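As structure tokens, the structure follows; a few thoughts come after it.
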2 protein chains.
Amino acid sequence: MSKQAEFAVILKMNPMFADLGADELQRISNLCHTQHLSSGEVLFQKGDPGNALFGVRRGQIRIETGATDGSRLTLNFMGAGDLFGEVAVLDGQERTADATAGEATELFVLRREDFLSFLEREPKVAIRIIQLLCQRIRWQSERMEESVLQPLPVRLARRLCALAEDFGSEVHISQEQLGVFVGAARESVNRQLQAWRKDNILDLQRGRILLHDLTKLNTIARNE
Amino acid sequence: MSKQAEFAVILKMNPMFADLGADELQRISNLCHTQHLSSGEVLFQKGDPGNALFGVRRGQIRIETGATDGSRLTLNFMGAGDLFGEVAVLDGQERTADATAGEATELFVLRREDFLSFLEREPKVAIRIIQLLCQRIRWQSERMEESVLQPLPVRLARRLCALAEDFGSEVHISQEQLGVFVGAARESVNRQLQAWRKDNILDLQRGRILLHDLTKLNTIARNE
DNA sequence: GCGGAAGTGTGTCATAAGTCACATAAGGGC
DNA sequence: GCCCTTATGTGACTTATGACACACTTCCGC
């Protein structure tokens, strides 16, 4: 499969591009480049202009933020097939976090200038993008109301399910970071995880969580 | 001032159109129509296709939702100069709430089909709109994290300040509805308002709140 | 293998906010 | 005026979660 075709597949998996036609996807894919990073190399830092969209071809990128106390907290992991910077490529605003390669990584790069001039030549695609952004705005505001008002177990279950999508049943994350993800204290996260461990829903090890029963976790996440 | 010029002024006041040039605003304004509603008349209902953007020229529109128990809760009031349906006009999705005229009302109407074909002819404006939507997405996600994690007094103060922008220092709203706005129980809202009344920040009457000290309220809203 | 750092487990306490249960008050229609 | 509905005020209780404190464990470098 050509590099471009591979990138098209990744785009297609992202909700933001999923509804575009094969034809349009292919023309966007033709704009892409690739970039290699060695482990630990910095892709961008907070404050850099957001001048591209990235797709992970292989390897891993960590999205992290330098906390005020000097410690670093990982906000997200992007693995093979993940796309990030969809918004930045469109509006060029500053990056709001740092991105570093967690291992040797190869990225697809779609540069802002290339994408914008493409949109200018293809107003129909631009309108399509507008509609997708609108969907995202709606989706966000639904989630906003819904999600944060949920009790901690629900938020935690949702996050774990989401992580399971990316990493399978063995999620490599500290309870501290999990707390940051769901907006809760580390101790509260720990207590909830302990409760689930007693119910054989999962198992705990230093720095990782083994998910045994995704089904139950999903039920909790739905909060029915 | 011509009808179109008046509409342009309203558009300009909305963050979504504020950064467009005078020239572009004027061309958009030229697409507008007007519509008259008598008091109590229904503008649209939940589930209707979102086929237009509206600006209130005079009068008042209530955005409300039929709760499952049959009672109606007002989610928002739109007064003269307010714009609503910015997202619907772009993506045409279903309305998520009902809109009714609270009094005799005259509206500016920008129809979806007119706006989209305008964007198709003017890809530069479309790209501009894309960037504005992106800003909104960023703004939303910042607020999402920030706002809902704030304690109730902060959320309440913010909402009251926002209402004061629209209605001046006499806000006509029930404590019940205020509770819905900030995602809190009516009783909690009442207790906080009572506390502020004791501090002479505001005064309470049946169905309305008199804001005496917006400055203090703003300080609380900033949560410093 | 020692020592420190980082991650984890748990008890105790404080607090914000929801829930329930009333009492009271203010308009509105007759 | 008189009732009825709706809005408001408040006390008592419960619960979820954060905050602090501290023990214990695992890993890693020297």
Side-chain angles (χ1 to χ4, degrees), chain A residues 40 62 64 66-67 69-74 145-160 163 170-199 201-210 220 223, chain B residues 40 62 64 67 69-74 145-160 163 170-199 201-211 220 223:
Chain A
R62 295 167 183 263
E64 40 188 24
D69 63 353
S71 70
R72 303 189 64 70
L73 281 175
T74 301
E145 323 263 290
E146 172 199 312
S147 190
V148 195
L149 298 175
Q150 297 296 331
L152 182 122
V154 177
R155 275 154 37 214
L156 198 53
R158 285 183 185 170
R159 178 62 70 160
L160 285 174
L163 288 167
E170 181 172 330
V171 178
H172 177 270
I173 187 177
S174 82
Q175 298 179 6
E176 172 83 47
Q177 288 180 0
L178 203 45
V180 176
F181 280 4
V182 301
R186 181 196 60 86
E187 295 92 325
S188 306
V189 169
N190 181 272
R191 276 185 257 264
Q192 184 57 57
L193 291 176
Q194 293 298 332
W196 284 337
R197 189 168 60 89
K198 291 203 182 64
D199 294 347
I201 291 176
L202 46 73
D203 217 338
L204 298 171
Q205 292 177 6
R206 181 192 177 83
R208 90 193 66 153
I209 299 170
L210 310 173
I220 297 166
N223 192 22
Chain B
R62 294 165 184 265
E64 40 188 24
D69 62 353
S71 70
R72 302 189 64 71
L73 281 175
T74 301
E145 322 263 291
E146 172 201 312
S147 191
V148 194
L149 299 175
Q150 297 296 331
L152 182 116
V154 177
R155 274 150 44 210
L156 197 54
R158 284 183 186 171
R159 179 61 70 159
L160 285 174
L163 288 168
E170 182 172 330
V171 179
H172 176 269
I173 187 176
S174 81
Q175 297 179 7
E176 172 85 45
Q177 287 179 0
L178 204 45
V180 176
F181 281 4
V182 301
R186 193 211 97 231
E187 295 92 324
S188 305
V189 170
N190 182 271
R191 278 184 257 264
Q192 184 57 56
L193 291 176
Q194 293 297 333
W196 283 338
R197 189 168 60 88
K198 289 201 182 65
D199 293 347
I201 291 176
L202 47 73
D203 218 339
L204 297 172
Q205 293 178 7
R206 182 191 176 83
R208 94 193 61 154
I209 298 169
L210 310 172
L211 303 171
I220 297 166
N223 191 24

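Reminder, nothing fancy here: chain letters follow the sequence lines and each chain counts from 1. These numbers come from a predicted model, not from an experiment.
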Exercise. Looking only at heavy atoms, which two atoms of Q150(B) and R158(B) are closest? And how far apart?
Worked result: CG-NH1, 3.8 Å

Exercise. Starting at the 5' end of DNA chain D, which residue's closest nucleotide do you reach first, R208(A) or R186(A)?
Worked result: R186(A)

Exercise. If you look at every heavy atom in Q192(A) and P153(A), which pair is closest and at what distance?
Worked result: OE1-CG, 3.3 Å

Show the distances under 3.5 angstrom between N or O atoms of the protein and N or O atoms of nucleotides 15-17 of chain D.
unit_1, atom_1, unit_2, atom_2, d
dT17(D), OP1, L152(A), N, 2.7

Problem set entry | d(CD, E176(A); C1', dA6(C)) in whole Å | 10 Å

Exercise. When you check the phosphate oxygens OP1 and OP2 of dG9(D), does a side-chain N or O of Q175(B) lie under 4.0 Å from one of them?
Worked result: yes

Problem set entry | Toward the 5' end of DNA chain C, by each residue's nearest nucleotide, R206(B) or R206(A) | R206(A)

Exercise. For E187(B) and dA21(C), what is the distance between atoms CD and P respectively, to the nearest whole Å?
Worked result: 12 Å

Exercise. Atom CZ of R197(A) and atom P of dT10(C): how far apart are they, to the nearest Å?
Worked result: 7 Å

For this session: Mark yes or no for whether R186(B), through its side chain, and Q175(B), through its backbone, hold a donor-acceptor pair below 3.5 Å.
Result: no

Problem set entry | Length of the CG-P vector between D203(B) and dA26(C), whole Å | 13 Å

Problem set entry | Interatomic distance where CD1 belongs to I173(B) and C1' belongs to dT8(D) [whole Å] | 15 Å

For this session: Return the value, rounded to whole Å, for the distance between atom CG of L202(B) and atom C1' of dG9(D).
Result: 15 Å

For this session: Check the distance between dT26(D)'s P and L204(A)'s CG and give it to me in whole angstrom.
Result: 13 Å

Problem set entry | Integer-rounded Å distance: dT8(D) P and W196(B) CH2 | 16 Å

Exercise. For R197(B) and Q194(B), does a side-chain donor sit closer than 3.5 Å to a side-chain acceptor?
Worked result: yes

Exercise. So which heavy atom on I220(B) is nearest to which on A157(B), and how close?
Worked result: CG2-CB, 3.8 Å

Exercise. Among dG9(C), dC20(D), dG7(C), which nucleotide sits nearest the side chain of R191(A)?
Worked result: dC20(D)

For this session: To the nearest 0.5 angstrom, please state how far the CD1 atom of I201(B) sits from the CD1 atom of I209(B).
Result: 12.5 Å

Problem set entry | Side-chain touch V171(A)/L178(A), heavy atoms, less than 4.5 angstrom | no

Exercise. Any side-chain N or O of Q194(B) less than 4.0 Å from the OP1 or OP2 oxygen of dT10(D)?
Worked result: yes

Exercise. Does a side-chain N or O from N190(B) land closer than 4.0 Å to OP1 or OP2 of dT8(D), or not?
Worked result: no

